[in-house]
Amino acid sequence: MKAPFQVAGKAVDWTTTSQEESDRNYGRKMRKQEAEEGKQRKELAKRCKKDPRRGECGQYQGYRAGY
């Protein structure tokens, strides 16, 4: 009669997220956010280099990863 408990245990394992999976997913999310921030900063730098008199050429105020 061990089989029903094994099946139930496997079902629980499949439906829960392990700490390793959670960490991996969080890392993936942060890398994606950091890539987006880098892209926006690069675009801002390009626009400022082209026309430094623009009002947006001070400190970066755009998207920040992790916030």
Side-chain angles (χ1 to χ4, degrees):
M1 291 314 262
K2 191 174 177 183
F5 295 107
Q6 288 177 336
V7 171
K10 293 252 187 233
V12 170
D13 287 344
W14 289 334
T15 59
T16 58
T17 303
S18 70
Q19 186 63 44
E20 181 182 348
E21 288 174 304
S22 180
D23 292 345
R24 185 175 53 237
N25 292 339
Y26 179 76
R28 187 176 296 132
K29 177 183 168 188
M30 289 307 297
R31 284 190 299 278
K32 186 176 179 181
Q33 288 179 355
E34 289 169 352
E36 179 63 27
E37 180 181 352
K39 181 180 173 185
Q40 288 185 10
R41 285 179 182 262
K42 187 175 180 180
E43 289 173 5
L44 176 65
K46 189 175 179 181
R47 287 194 309 264
C48 287
K49 188 174 184 179
K50 188 175 183 178
D51 185 7
R53 293 176 298 197
R54 295 180 78 138
E56 60 188 25
C57 291
Q59 187 176 3
Y60 179 72
Q61 297 294 324
Y63 177 82
R64 295 191 190 277
Y67 290 100

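These values consider heavy atoms only, across backbone and side chains, with no hydrogens, waters or symmetry-generated copies.
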Residues passing the side-chain hydrogen bond (donor to acceptor under 3.5 Å, both in side chains) test with Gln19, sequence neighbours excluded, are Asp23
Do you see a donor-acceptor pair shorter than 3.5 Å between the side chains of Gln40 and Glu36?
-> yes
Rounded distance (nearest 0.5 Å) linking atom CD of Glu20 with atom CG of Asn25 = 10.5 Å
